[in-house]
Amino acid sequence: MAMKGYLDEYEKLVIRMNTPRVAIDNGVCSSATIVKVDSSRRNGILLEAVQILTDLNLSIKKAYISSDGRWNMDVFHVTDLNGNKLNDQSVLRYIEQSIETVYYGENIEVNGLTALELTGTDRIGLLSEMFAVLSDLNCDVVDAKLWTHNGRVASIIYLRDCTSGSPILDSQRISKIEGRLKNVLNGDNDVKSAAKTRVSMDSMMHIERRLHQLMFEDRDYERRSKKEERSPMVVVTVQNWAERGYSVVNVHCQDRTKLLFDVVCTLTDMEYAVFHATINTSADQAHLEFYIRHKDGSPISSEAERQRVIQCLEAAVERRASEGVRLELRHPDKQGLLAEVTRTFRENSLNVTRTEISTSGDMATNIFYVTDANGDEPDLKLIESVREKIGLECLRVKEMPTMNHKKEDGEEHQQPKAVLVSLGSLVWRNLFSFGLIKSCS
């Protein structure tokens, strides 16, 4: 009996050591809520914490990540999207409970739905053709997300049968759907840009992380449009700190929601471990600094690998950058709704750069980011004309663009300055993490 008691206590100790501990403080900083996470070191633990915060649409203003041997200490300064501290106790409890348990991410309830993953060549009118095919095949799009980047497109679409409302399970019908969509996605039929479609069986996948993976697998980071060559949206530098065996990655770009998630997600999927990091935002700019190694403990070892990390992180930031006018459609759900709306976009030469489709009960809420055929801000008269055709009350302009590449004639584009490695920030961060500095400034 005594031995059993010792074993029970040992098991409790192991569970306690491997369970993240969360402390949330609203008093130490006047401008943000402090979320501190202590955890044993394991692969992906940082990404899980960042996922929880970003899935709640919280803004991470600052962060300090430090690893001491087998232990992590992460500190996040977070606000809501309006810049306010978090005062909702239910949100604070959710953060604590989610981080302290196994978190699978922001997942769509897939029971009764069939998930399709798609990659291919982007072009004007592509979304219209995709939804027209699905409507023709009696498929109801319940939820979907679509990203475009560097002439490529990736999408995850959740379907059900329009007539029965049941998931589509028949293998022949699925093959027909995949074949029709692949023909639409193939574009110029270049072997290098061949479309891919597949049914996903992962019911617990994080949708946005999977979109990053699809784009990465499609090697979108290797392609660059002329527009992006003229005005880069992000500056990434990678240097080795030989004395400590780290590779130091600096990212400087315009700040936005979910930026930290996009970068950490990419580093994790490239199988790098983040040992230390400092994230700072000021006005509309963000500076992220990471001290990384391979899983085996080695730093980046070649110029080719260094360039690949730079390309992949640039792509990770650019994929979600919101170009164009954000339009929100709220309309009673019906068969063919998405095909009708996107056909109107196509007929008016509006290009959809990003899409979020969701259905709740009998109501569809769809978000579209649209540009003109050249990828520039569309004329507002054209937007109003499209709204009149679809319905002024149904289709609303929710956000005007911040097009980084558009400048007045004669105005020189100002690129963000590349930030050199700041080893001093590592010392300051460690002092903060161990409680020797408590200022939020």
Side-chain angles (χ1 to χ4, degrees), residues 55 105-123 125-149 152-162 165-168 174 177-178 180-182 184-185 195-215 218 258 319-320 322 324 326-346 350-370 390 395 398:
D55 285 351
E106 182 185 38
N107 302 300
I108 295 172
E109 177 57 53
V110 297
N111 292 333
L113 301 176
T114 299
L116 281 180
E117 297 179 354
L118 314 169
T119 55
T121 303
D122 185 33
R123 67 179 186 281
L126 173 64
L127 196 60
S128 172
E129 295 179 38
M130 289 169 53
F131 287 145
V133 165
L134 292 172
S135 179
D136 183 58
L137 294 173
N138 203 39
C139 297
D140 180 24
V141 177
V142 179
D143 288 278
K145 286 193 177 183
L146 176 144
W147 290 356
T148 63
H149 180 245
R152 304 300 292 168
V153 60
S155 181
I156 299 175
I157 302 176
Y158 290 88
L159 307 169
R160 64 187 175 196
D161 181 77
C162 282
S166 301
I168 301 170
I174 289 175
I177 294 170
E178 289 183 305
R180 290 277 299 273
L181 287 174
K182 189 175 292 185
V184 170
L185 287 161
K196 296 179 181 178
T197 65
R198 81 177 189 95
V199 175
S200 174
M201 304 305 295
D202 185 0
S203 62
M204 300 306 296
M205 69 177 171
H206 187 276
I207 308 304
E208 294 179 346
R209 182 177 184 184
R210 185 58 186 147
L211 283 171
H212 275 301
Q213 292 171 342
L214 290 173
M215 283 290 199
D218 196 45
K258 302 191 177 183
R319 287 171 194 146
R320 204 200 293 266
S322 300
R326 172 175 164 151
L327 302 176
E328 182 175 303
L329 175 74
R330 285 184 56 83
H331 193 284
D333 193 27
K334 65 174 184 177
Q335 183 175 355
L337 173 64
L338 290 170
E340 293 177 11
V341 172
T342 53
R343 182 176 66 246
T344 303
F345 291 161
R346 183 191 66 198
L350 290 179
N351 185 39
V352 180
T353 61
R354 188 153 62 92
T355 306
E356 297 179 16
I357 308 298
S358 62
T359 306
S360 179
D362 295 329
M363 182 63 66
T365 302
N366 307 324
I367 296 172
F368 305 94
Y369 290 84
V370 298
I390 295 173
L395 186 65
K398 302 299 289 187

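Fair warning: this is a prediction, and the values are worked out from it, not measured in the lab.
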- prompt: Between CZ of Arg198 and CD of Glu117, what distance do you get to the nearest 0.5 Å?
  reply: 4.0 Å
message: Going by the rule ring-ring contact (aromatic ring centres under 6.0 Å, His included), which residues pair with Phe368 if we only count those two or more places apart in sequence or in a different chain?
response: Phe345
query: Leu211 versus Ile156: any side-chain heavy-atom pair under 4.5 Å?
result: yes
task: Would you please name every residue forming a side-chain hydrogen bond (donor to acceptor under 3.5 Å, both in side chains) with Ser166, sequence neighbours left out?
output: Ser164
task: Supply the atom-to-atom distance Ile174 CD1 to Leu116 CG, rounded to the nearest 0.5 angstrom.
output: 7.5 Å
field: Under 3.5 Å: donor-acceptor pair, side chain of Ser155, backbone of Lys145
entry: yes
Could you give the side-chain donor-acceptor pairs of residues 329-337 under 3.5 Å, partners two or more places apart or in another chain?
{"from": "Arg330", "atom 1": "NH1", "to": "Thr365", "atom 2": "OG1", "distance (Å)": "2.9"}
{"from": "Lys334", "atom 1": "NZ", "to": "Glu340", "atom 2": "OE1", "distance (Å)": "3.4"}
{"from": "Gln335", "atom 1": "NE2", "to": "Asn138", "atom 2": "OD1", "distance (Å)": "3.3"}

query: Taking it one step at a time, do Arg320 and His212 satisfy side chain to side chain contact (heavy atoms under 4.5 Å, CB included)?
result: CA-CA 10 Å; Arg320 204 200 293 266; His212 275 301; 4.3 Å; yes
message: Using 0.5 Å steps for rounding, measure from the CZ atom of Arg152 to the CG atom of Asp218.
response: 4.0 Å
query: Say you draw a straight line from SG of Cys162 to CG of Leu137; how long is it, rounded to the nearest 0.5 Å?
result: 10.0 Å
message: Checking Leu126 against Val184 for the side chain to side chain contact (heavy atoms under 4.5 Å, CB included) test, could you report, in this order, the C-alpha distance in whole Å, the side-chain angles of both residues, the deciding distance, and whether it holds?
response: CA-CA 7 Å; Leu126 173 64; Val184 170; 3.5 Å; yes
- prompt: Taking atom CD of Glu356 and atom OH of Tyr369, what is their separation to the nearest 0.5 Å?
  reply: 6.5 Å
field: Given Val141, Ile207, Asp140, the one that forms side chain to side chain contact (heavy atoms under 4.5 Å, CB included) with Tyr158
entry: Ile207
Please table the atom pairs, donor to acceptor, closer than 3.5 Å between any side-chain atom in residues 129-136 and protein atoms at least two apart or in another chain.
{"from": "Glu129", "atom 1": "OE1", "to": "Arg123", "atom 2": "NH2", "distance (Å)": "2.7"}
{"from": "Glu129", "atom 1": "OE2", "to": "Arg123", "atom 2": "NH2", "distance (Å)": "3.2"}
{"from": "Asp136", "atom 1": "OD2", "to": "Arg180", "atom 2": "NH2", "distance (Å)": "3.2"}

message: Going by side-chain hydrogen bond (donor to acceptor under 3.5 Å, both in side chains), name the residues that satisfy it together with Thr359, two or more places apart in sequence or in a different chain.
response: none
- request: Please identify each residue that fulfils side-chain hydrogen bond (donor to acceptor under 3.5 Å, both in side chains) with Glu178, with sequence neighbours left out.
  value: none
Test side chain to side chain contact (heavy atoms under 4.5 Å, CB included) applied to Val199 and Ile168, Thr114, Ile177, the passing residue: Thr114
- request: Measure the CG-CD1 distance between Leu127 and Ile357 for me, rounded to the nearest 0.5 Å.
  value: 7.0 Å
message: If I compare all heavy atoms of Trp147 with all of Arg354, which pair ends up nearest, and what's the gap?
response: CD1-CD, 3.5 Å
message: Measuring only between side-chain heavy atoms, which start at C-beta, is Ser358 closer than 4.5 Å to Asp143?
response: yes
